[in-house]
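Keep in mind that the numbers below use all heavy atoms, side chains included, and drop hydrogens, waters and symmetry copies.
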Amino acid sequence: MSMRELERKHGVTWRTVRKALDSSWPEPRKKLPLRATGLDRYKPVIDEILRADLDAPREQRHTVTRMFHRLVEEHGADVSYGMVRYYVAARKPEILVESGKAPLEAFVPQTHQPGHEAEVDFGDVTIRLAGELVTCYLFSFRLSYSGKAVHRPVDRTIGVSYVSAWRG
């Protein structure tokens, strides 16, 4: 197809078509700069209140409502309660980490090689078989890589499996 046909078919400009033809991977999206809000002037005040609350007893710490009322009464802030609440919710954990009172969150992904690890468990299970309750052994097997599992109930008395492969 020509570039003009591609433009018409996909409803894009020639620049977009050219970029797509030049590279098989799209360009990463540009991060937009954060917009200024009415709360920006009062963020240092809120941070100072949160830092002061680190050493205060639990009963004496500021609630978000109290911080909002202090901003309005003491500083004449023209901000909404929601703006203060969202800022405090995001900033409070950061201040705890900065002060050393909360651990830095870390994530360690688990990796499992195919065929290397599995989990096996045994247990008793009661099932209704032909209208009567029968207690059986339950064999559970789960592969760590794929997450596939097989569960097999086996009669305790005669050792016969009732289900060839009951998947859960």
Side-chain angles (χ1 to χ4, degrees), residues 1 5-6 8-12 16-17 19-32 34-35 37 39 43 46-47 49-51 53-69 80-168:
M1 292 177 98
E5 287 178 274
L6 290 170
R8 277 189 230 110
K9 180 179 179 183
H10 297 289
V12 295
T16 306
V17 173
K19 286 180 188 176
L21 293 174
D22 289 344
S23 174
S24 59
W25 293 103
E27 292 179 11
R29 289 188 178 256
K30 295 176 185 169
K31 299 277 184 182
L32 294 175
L34 295 176
R35 291 187 299 177
T37 66
L39 189 64
K43 287 181 179 179
I46 296 171
D47 289 352
I49 292 171
L50 290 172
R51 284 189 186 95
D53 282 350
L54 289 173
D55 298 325
R58 185 177 179 92
E59 300 82 25
Q60 295 176 3
R61 294 182 195 153
H62 287 78
T63 62
V64 176
T65 305
R66 180 68 188 126
M67 282 186 230
F68 171 70
H69 288 301
S80 68
Y81 172 79
M83 289 173 72
V84 175
R85 185 183 58 182
Y86 289 126
Y87 179 73
V88 170
R91 189 70 177 119
K92 192 172 187 177
E94 294 171 0
I95 288 178
L96 285 170
V97 169
E98 289 170 7
S99 68
K101 298 207 177 208
L104 182 65
E105 288 190 33
F107 175 74
V108 178
Q110 290 187 356
T111 57
H112 301 285
Q113 298 298 318
H116 281 246
E117 297 177 15
E119 299 171 10
V120 175
D121 198 9
F122 301 93
D124 291 341
V125 64
T126 304
I127 61 172
R128 187 171 301 278
L129 182 64
E132 81 179 66
L133 291 176
V134 178
T135 303
C136 301
Y137 292 125
L138 179 67
F139 170 77
S140 296
F141 176 76
R142 182 179 174 277
L143 295 168
S144 298
Y145 177 73
S146 65
K148 302 275 184 185
V150 174
H151 307 285
R152 186 178 292 223
V154 178
D155 189 344
R156 294 167 77 165
T157 56
I158 56 176
V160 175
S161 173
Y162 291 113
V163 182
S164 61
W166 173 49
R167 297 185 186 272

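Using modelled atom types, no side-chain atom of Ser23 and backbone atom of Ala20 make a donor-acceptor pair closer than 3.5 Å. Under the 3.5 Å distance criterion, the side-chain polar atoms of Asp53 are left unmatched by any main-chain donor or acceptor of Arg61.
Residues Phe122 and Leu138 fail the side-chain proximity criterion, which asks for heavy atoms closer than 4.5 Å. Counting heavy atoms from C-beta on, the side chains of Tyr81 and Val64 come closer than 4.5 Å. Between Ile46 and Arg91, every side-chain heavy-atom pair lies at or beyond the 4.5 Å cut-off. The shortest distance between side-chain heavy atoms of Thr63 and Phe68 does not fall below 4.5 Å. Inter-residue side-chain proximity for Thr65 and Val84 is flagged as unmet; no heavy-atom pair is nearer than 4.5 Å.
Rounding to the nearest 0.5 angstrom, the gap separating the CG atom in Asp121 from the CZ atom in Phe141 is 12.5 Å. For the atom pair Lys148 NZ and Leu143 CG, the distance stands at 9.5 Å (nearest 0.5 Å). Taking CD1 from Ile95 and CG from Leu54, the interatomic distance works out to 7.0 Å, rounded to the nearest 0.5 Å. How far CD1 of Ile49 is from NE2 of His62: 5.0 Å, rounded to the nearest 0.5 Å.
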May I have the list of side-chain donor-acceptor pairs in residues 110-117 shorter than 3.5 Å, sequence neighbours left out?
| from | atom 1 | to | atom 2 | distance (Å) |
| --- | --- | --- | --- | --- |
| Gln110 | OE1 | His112 | NE2 | 3.2 |
| His112 | ND1 | Glu117 | OE1 | 2.8 |

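Comment: Glu5 does not engage Arg8 in a salt bridge, judged by the lack of any side-chain N to carboxylate O separation of less than 4.0 angstrom.
Taking both residues in full, the closest heavy atoms of Leu39 and Met83 are given as CD2-O, 3.5 Å, listed atom of the first, atom of the second, then distance.
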